[in-house]
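Naming: A, B, ... by sequence-line order, numbering from 1 per chain.
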Protein chains: 2
Amino acid sequence: MVYKCENEGGVPDVPSHRLDPIDRKILSELQADGRMTNVELAKRVGISAPPCLRRVRTLEEQGFIRGYHADVDPRELGFEVQVFAMVGLQSQAEADLSAFEERCRNWPLVRECHMLNGEVDFVLKCVAPDLSTFQTFLTSQLLTAPNVGSVKTSLVIRGAKDEPGVPFEVLEERLSKSA
Amino acid sequence: MVYKCENEGGVPDVPSHRLDPIDRKILSELQADGRMTNVELAKRVGISAPPCLRRVRTLEEQGFIRGYHADVDPRELGFEVQVFAMVGLQSQAEADLSAFEERCRNWPLVRECHMLNGEVDFVLKCVAPDLSTFQTFLTSQLLTAPNVGSVKTSLVIRGAKDEPGVPFEVLEERLSKSA
DNA sequence: CAGTTGCGCGCAATAATATTTCGCAAAAGC
DNA sequence: GCTTTTGCGAAATATTATTGCGCGCAACTG
């Protein structure tokens with residue numbers, strides 16, 4: 001069970017030590033099927049519905065669960081193209097990094113933006129209805145954005161694995177060892 | 001509304017042309033909040049609950065919705081490390097590509113695996129509880145896997161954007177132009 | 001142009017589910 | 001050993017999901 005430590009919006013202390021096996025099972029089940037009914041979930045984790053729902057609410061409030069999303073198929077919707085873009089900036093000053101991140105947040109075609117260590121500064125995951133749409137975005141938006149030095153793009157030929165979230169198996173394994 | 005063309009498990013013909021504005025709104029709403037109740041969803045898309053639920057079911061069956069997932073916070077759960085790995089193989093024969101993909105599917109730390117064009121063959125998105133766990137995986141699993149030529153890893157310093165799914169705004173814009 | 005058919009909507013009824021309330025019991029603290 | 005705390009579960013209530021019609025509209029047909 002999650003201990004409701006009210007540390008004023010502060011940083012959580014020791015992450016998953018605050019979760020008991022039932023909480024972890026709940027998270028695992030909801031990660032696999034986010035629309036499961038509460039009664040079904042309760043059945044699976046081995047407690048009755050009311051406490052199960054309380055746990056879910058608490059997990060949501062504490063930020064362990066950030067939200068729920070339908071997993072829509074991009075291809076079926078006409079987004080045929082997926083691209084990874086490796087971006088290098090000219091200046092790595094914090095203000096410039098933030099400015100670029102903010103720009104990414106405003107580009108709908110950019111779904112993910114992660115700052116990296118090493119020679120490349122950012123990796124972007126992009127989707128687009130077709131190649132020409134992406135090319136237009138690339139040349140008229142990304143490449144011409146302030147402070148952008150180099151961009152290397154790679155088209156996704158095919159997806160081999162795309163699992164959401166985290167591997168709970170690894171977490172359990174790890175917790176059983178440290179016990 | 002989705003036309004229930006029963007083309008025997010075949011490839012869908014013209015993707016989102018089979019979806020009317022209400023269907024797209026449904027997908028958009030469920031992508032943003034996958035646990036929304038059906039009544040709330042119906043209210044938002046402007047129809048009553050029963051037809052709304054029927055549409056959702058159809059969208060699920062037709063594969064537009066692949067599933068629902070709780071979005072759990074990796075950090076809160078003790079997964080402190082996120083890494084992108086660019087992998088080059090020695091042989092790009094189809095059998096060897098497939099073999100590597102299958103291997104990725106069995107590695108829990110690897111959450112995503114995409115085949116790319118260009119010099120790099122695959123990009124992998126990995127998570128791990130800490131750096132040493134990842135290093136162990138890297139050296140004793142990934143680097144020693146058959147046919148793996150080169151691996152360049154980049155640690156994620158910070159995440160700037162991480163939106164699930166597709167930008168419906170782009171889809172709507174596109175459909176309004178072609179009309 | 002009236003008749004017919006197919007399709008999707010919404011109303012109303014029913015079945016499930018979510019959510020609240022409350023009392024009890026076990027673990028933690030004193 | 002006795003409070004205090006914490007979380008469970010049964011029961012009651014409120015919401016929601018789901019099913020079963022009948023209606024209207026638009027396309028097709030004769």
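- Within the nucleic acid shown, A:Thr37 comes within 4.0 Å of sugar-phosphate atoms alone, with no base atom in reach, counting heavy atoms only.
- Going from atom CG of B:Leu19 over to atom P of C:dG8 covers 13 Å, rounded to whole Å.
- Protein atom NZ of A:Lys43 is 15 Å distant from nucleotide atom P of D:dG9, rounded to whole Å.
- When rounded to the nearest whole Å, the span between CG of A:Leu53 and P of D:dA10 equals 16 Å.
- Side-chain contact of A:Tyr68 with A:Gln31: a donor-acceptor pair under 3.5 Å is absent, judged by distance alone.
- For B:Ile22 and C:dG8, the CD1 to P distance is 11 Å, given to the nearest whole Å.
- B:Asp20 has its CG atom 13 Å from the C1' atom of C:dC7, to the nearest Å.
- At the phosphate of C:dC9, OP1 or OP2 sits under 4.0 Å from a side-chain N or O atom of B:Arg55.
- Distance CG (B:Asp23) to P (C:dC9): 9 Å, rounded to an integer number of Å.
- Taking a cutoff of 4.0 Å between a charged side-chain nitrogen and a carboxylate oxygen, A:Arg55 and A:Asp20 qualify as a salt bridge.
- Taking atom CZ of A:Arg54 as the reference point, atom C1' of D:dC8 lies 7 Å away to the nearest angstrom.
- A salt bridge does not link B:Lys25 with B:Glu172: every distance from a Lys NZ or Arg NE/NH1/NH2 to an Asp or Glu carboxylate oxygen is 4.0 Å or more.
- The nearest whole Å value for the distance from the CG atom in A:Asn38 to the P atom in D:dT15 is 17 Å.
- With D:dT18, C:dT19, D:dG9 as the candidates, the nucleotide lying closest to the side chain of A:Pro51 is D:dG9.
- Residues A:Pro50 and B:Arg57 both approach DNA chain D. Their nearest nucleotides, taken by heavy-atom distance, put A:Pro50 toward the 5′ side.
- Contact of the A:Asp71 side chain with the B:Ile65 side chain is not registered, since no non-hydrogen atoms from C-beta on lie closer than 4.5 Å.
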